[in-house]
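When a ligand or atom number is given, it counts from 1 through the structure's own listing order.
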Amino acid sequence: MSKIVIIGSISMDLVMETSRIAQEGETVFGDRFSMVPGGKGANQAVAVGRLASKEDHITMLGAVGQDSYGPILLQNLEENGVSTAFVGTVPQSSGVAQITIFNQDNRIIYCPGANGTVDTDKWDKEWEGIAAADLVILQNEIPHEPNLAIAQFCSEKGVKVLYNPGPARSTDKEMIDFVHYLTPNEHECQEIFGQDNLEQLLKQYPNKLICTLGAKGSVFFDGTTIQEIPAIPAKVVDTTGAGDTFNGALGLALTKKMPLEEALKFASLASHLSVEKFGAQGGMPRLEEMKEHPAYEEKWNLK
Ligand code: RIB
C-alpha cells in the first residue's frame, strides 16, 4: 500500500486551439474552446490516482475558490481516486490557466487565485497526514514559503519528497537539500542552475536530479554512469500535462519500490500515452491501459 500526498495547484484550464496567434491589438478566430480540470498539483494527483490500486491512499492538499469551478475541481479529484479532505475552499477565485494550443504546442498564462493562498501556518491535521506519507509531491504553482516549510518538515520526519520545480523560480535552490528527487525540464534546469553542461550538473546530484527532455526522454546520473531513458515516440495530440503525468507515475512507481531507472521507464510510458489525447488529464492512463501497451514490462509487477 502506498500513501502519497500531493500538495499544489488545482486549476481550471481554459483551452483555445488555434491555427493563428493574435498579435498585439489583433483579434483572430480560434478553432475550438474547452474547459478542463488542470493545475500541476491536481494533474499529478490525478496521474497517481489513475495508476494507483484501491489499497493506496492518495491525498491532495491545496485550495479551490468559492466560485463555480471549485466544486467541479473537487469532484474531478474524487472521481480519480484522490481524497480532497485536505483541500480548502477559500473566498477567492479558483486558479485558472489560459492555454493556447498552437502548432502542436502550448502557451500558458497562469493566474493562481486560491492556489496562492496555500499557507502552512493554518495547518494542523495536515502535518499528521504528511508525516505518515511514503512520498510527498510538490511543484511550483503554490507560493515558495509553504513548499519550503513542507520540504523541511519532510526532511526532519524522513518523508521522501519528489519536487517538480515548474515553473522555475529564483528560490528553487533553497529546496534542494530537503528533497529526494528533483525533476526539472531542460529549460527549468537552465533557469535554476544557470549551467549549460548538463552532464556535469547531473553528476553533482546522483540519483536525485532527473532532467526531463521532452520528446528525447529523461536523464540522470546513477553514481557511475549517465542513464538516458528514451521517450516512446507518440502521435501527439496535446502535450499539456505530459510532465505532470510523468511526475505522478514516477512518484507512484518509486513508492512501489521500483529502481529509479525502471520507475522512469514506467513514467515514460505513462506520459507517452498522455500526449495522444486532448487535455492535461484527458490522456492520463489507468494501469490497465499501461498493461495493454507493448512497452509495459511484466517485471514492474504493479497491481
Ligand atoms: O502542467 C500543465 C498545467 O500547467 C496545466 O494543466 C495548467 O493548469 C498549467 O498551469
ask   = side chain to side chain donor-acceptor pair (under 3.5 Å) between Asn147 and Tyr163: does it pass, once the steps are laid out?
value = CA-CA 9 Å; Asn147 262 358; Tyr163 174 45; 4.8 Å; no
ask   = Which of the atoms of ligand 1 are close to Glu141, meaning less than 4.0 Å from one of its heavy atoms?
value = 4 (O), 9 (C), 10 (O)
key: side chain to side chain donor-acceptor pair (under 3.5 Å), paired with Ser2, selected from Glu55, His57, Lys256   = Lys256
ask   = Can you tell me the protein heavy atom closest to atom 3 (C) of ligand 1 and the distance?
value = Asn43 ND2, 3.6 Å
ask   = Hey, do the aromatic rings of Phe193 and Tyr205 have their centres closer than 6.0 Å?
value = yes
note = Taken in chain and number order and not counting sequence neighbours, the residues that satisfy salt bridge (Lys or Arg N to Asp or Glu O under 4.0 Å) with Glu126 are none
ask   = Which heavy atom of the protein is the closest neighbour of atom 2 (C) of ligand 1, given with residue, atom name and distance?
value = Asp244 OD2, 3.3 Å
Enumerated ligand 1 atoms positioned under 4.0 Å from heavy atoms of Ala280 = 6 (O)
message = Under 4.0 Å from a heavy atom of Gly38: which atoms of ligand 1 are those, numbered in the order shown and with their elements?
response = 6 (O), 8 (O)
ask   = Charged N to carboxylate O below 4.0 Å: is that the case for Glu191 and Arg169?
value = no
ask   = Does Gly39 reach ligand 1, in the sense of a heavy atom lying below 4.0 Å from it?
value = yes
query = How close does the nearest protein non-hydrogen atom get to atom 4 (O) of ligand 1, and which residue and atom is it?
reply = Lys40 NZ, 3.4 Å
message = Please list, in number order, the atoms of ligand 1 under 4.0 Å from a heavy atom of Asp13.
response = 5 (C), 6 (O), 7 (C), 8 (O)
ask   = In this structure, which one of Asn80, Thr240, Asn76, Asp13 forms a side chain to side chain donor-acceptor pair (under 3.5 Å) with Gln281?
value = Asn76
